[in-house]
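Counting from 1, the numbers follow the sequence of the chain as shown.
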Amino acid sequence: MITSVTIEGFKSFGSPAKPVELGPLNFIVGANASGKTNFVSALRFLHLAMTEGLERTVARPEFDGLWGIRNSIVFSKNRSTKGRSKPLAISIRIQGPFPEQPSSGTQTFHVESAYYRLEIGFDDKTSRPFVKAETFEAQIRTSTAVSAAYALKRSEKSLEITDPLNSERPKHTAQVPVSVRTRLSVEEWSFGLPALWFHQWVSHWRFFGIIPNVARAVARESSQVELGSEGENLAAILHQIEKQNGQGCMPAILSGLRGAVPDIQRIKTLRLESGDQWTFQVMEKHIRALSPASVSDGTIRLLALMVVLCWSSKAASLLVIEEPENNLHPHLCEQLVATFRAVSEERQIIATTHSPGFLDYLELNELLMCERDATTHFTVLIPAASKENVEIFRRKFSLGELWVQSLLGGVPQ
């Protein structure tokens, strides 16, 4: 579980920055343009840099290259210094113990705690990104030793590794070739099992911002199919769930849907004549089967969210969900928060929201207020529990009411 995230120089985040403390369930609330999505974007950036490579990630349309990911305020302040700007640095500290049980042959090890930090520089002439510094440290417990420390420390040109699981080379150094300047070291399996474990763990972070029309589309089934970030492949996933004959998560999905549409009886998937493609129907009492086009945006979105929480969560190491309240009736907030909280016992969840209804059912330690600092204009995330007199106010008002009344922050200034 991620317990602390420090983001510097990325989009609206400045430097120096304070760590953002996280728990199993985290809802981020704030005004438009406060930086909620930028926090999520920083995590996604690290996920993609680790799975697709740094240069390819920077070039993605969602990041819009150099100017899209660097904090424009920090950039402008440093441009006068020989054309250099402050490099992007993302610092993430992850602490356990973790449920994963990696193994090395006959030896098993736990990752008790871990720390990772990536600093990115940009070539002055080409503006191409490169790994300026990278640190990964893990405290591991092995079957033959009480506790041992793994460390990977990289600069622009050299790499040093301390690996207690490698009996032949517990310590070694290497030069970093120019050809791999844009690749993260934890991508390389030969640098030790803890690094490989961390790479796989970050690779299984999942990000969702469901778009109903995307979720309605037909989908091709395969053994490796996953629910896409906008709801792609929903029909294929529903078919996989349907094949479990009710022994899996379909009952939980239907239970969640009935909170919005009490008459829903079942979800049925259909194979199309043109190739191995699937669609689905929503079966209601006293009504003919409804195709995805005939089902409301709210129901489609809720269906996809229930699939995320009941199905996708099983293979994910982290779930990040943006504005789950979109298209949904406010009376569903209590039910959804209860489902989110139940899932967070097994998988950490980070969600952004604008809904006071969600806040009404959250605990103080599950809520982060996102704001722009009045002096620096940088994004900051502040625990709601740290707000002055919040416990006194809660005696008469719900968290949603306190937020609407501007007593928690996270509102337009």
Side-chain angles (χ1 to χ4, degrees), residues 1-5 19-30 36-37 39-40 42-44 46-47 92-101 111-114 201-210 226-227 229 237 248-249 251-253 255-257 259 301-326 328 332-370 381-386 398-400 403 410:
M1 183 179 79
I2 301 175
T3 59
S4 176
V5 179
V20 178
E21 304 297 328
L22 300 176
L25 178 60
N26 311 269
F27 271 80
I28 302 174
V29 179
K36 299 186 306 298
T37 297
F39 181 84
V40 169
L43 294 178
R44 180 164 167 79
L46 180 60
H47 164 78
I92 297 181
R93 174 166 52 91
I94 303 110
Q95 293 183 325
F98 296 93
E100 287 80 5
Q101 295 275 338
V111 179
E112 295 181 315
S113 63
W201 186 78
V202 175
S203 297
H204 284 86
W205 292 357
R206 292 295 179 263
F207 300 79
F208 296 99
I210 303 300
E226 292 187 4
L227 186 68
S229 61
I237 298 297
C249 60
I253 292 172
S255 177
L257 284 174
R301 187 176 182 85
L302 182 58
L303 173 60
L305 280 174
M306 294 306 300
V307 170
V308 168
L309 295 170
C310 298
W311 174 268
S312 301
S313 63
K314 296 179 180 180
S317 54
L318 169 70
L319 290 176
V320 182
I321 304 173
E322 293 202 71
E323 299 182 3
E325 74 274 10
N326 286 351
L328 300 183
L332 292 172
C333 291
E334 182 177 11
Q335 169 196 320
L336 272 175
V337 168
T339 304
F340 271 65
R341 189 172 288 125
V343 172
S344 72
E345 294 179 2
E346 299 293 332
R347 291 292 181 265
Q348 187 177 29
I349 297 176
I350 299 172
T352 64
T353 184
H354 282 127
S355 171
F358 271 121
L359 274 63
D360 285 342
Y361 301 103
L362 293 175
E363 300 296 332
L364 270 174
N365 61 357
E366 297 170 338
L367 183 59
L368 291 163
M369 314 311 297
C370 186
L381 272 70
I382 303 169
S386 69
S398 69
L399 287 177
W403 179 46

Quick one: list whatever passes side chain to side chain contact (heavy atoms under 4.5 Å, CB included) with Asp360, sequence neighbours left out.
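Checked Asp360 against side chain to side chain contact (heavy atoms under 4.5 Å, CB included); matches are Ser398.
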
If only atom types and distance count, is the side chain of [X] paired as donor or acceptor with the main-chain N or O of [Y] below 3.5 Å?
| X | Y | result |
| --- | --- | --- |
| Thr352 | Glu323 | yes |
| Asn26 | Ile349 | yes |
| Thr339 | Gln335 | yes |
| Glu325 | Cys333 | no |
| Ser317 | Trp201 | yes |
| His354 | Val29 | no |

Margin query: Just so I know, are the side chains of Arg301 and Asn326 near enough to count as touching, which here means a heavy-atom distance under 4.5 Å?
Written below: yes

message: Taking the side chain as everything from C-beta on, heavy atoms only, tell me whether Pro383 gets closer than 4.5 Å to Leu368.
response: yes

- request: Indicate the atoms forming the closest heavy-atom contact of Cys310 with Ala252, along with that distance.
  value: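 Looks like SG-CB, 3.8 Å.
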
Please find the pair of heavy atoms, one from Ser312 and one from Leu227, that lie closest to each other, and give the distance.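 Here Ser312 and Leu227 meet closest at OG-CB, 3.7 Å.
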
Task: Evaluation steps, side-chain contact (heavy atoms from CB on, under 4.5 Å), between Ile2 and Gln348 - done: CA-CA 8 Å; Ile2 301 175; Gln348 187 177 29; 3.6 Å; yes

Just how far is it from atom [atom1] of [X] to atom [atom2] of [Y], taken to the nearest 0.5 Å?
| X | Y | atom1 | atom2 | answer |
| --- | --- | --- | --- | --- |
| Ile321 | Phe340 | CD1 | CZ | 4.0 Å |
| Cys370 | Ile28 | SG | CD1 | 7.0 Å |
| Trp311 | Ile237 | CH2 | CD1 | 6.5 Å |
| Leu319 | Ser313 | CG | OG | 6.0 Å |
| Leu336 | Leu328 | CG | CG | 6.0 Å |
| Leu332 | Leu305 | CG | CG | 10.0 Å |

Does this structure show an ion pair linking Glu366 with Arg341, if we count only N-O contacts that are shorter than 4.0 Å?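 A salt bridge is present here (some side-chain N lies under 4.0 Å from a carboxylate O).
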
Exercise. With Thr37, which residues qualify under side chain to side chain donor-acceptor pair (under 3.5 Å), at least two apart?
Worked result: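 So Thr37 forms a side chain to side chain donor-acceptor pair (under 3.5 Å) with Glu322.
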
In a table with atom names and distances, give each donor-acceptor pair under 3.5 Å that connects a side chain of residues 203-210 to protein atoms at least two apart or in another chain.
from, atom 1, to, atom 2, distance (Å)
Ser203, OG, His199, O, 2.6
His204, ND1, Gln200, O, 2.7
Arg206, NE, Glu226, OE1, 3.0
Arg206, NH1, Ser203, O, 2.7
Arg206, NH2, Glu226, OE1, 3.4
Arg206, NH2, Glu226, OE2, 3.3

Option among Thr353, Ile350, Leu399 that satisfies the side-chain contact (heavy atoms from CB on, under 4.5 Å) test with Phe27
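Exactly one pass, corresponding to Thr353.
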
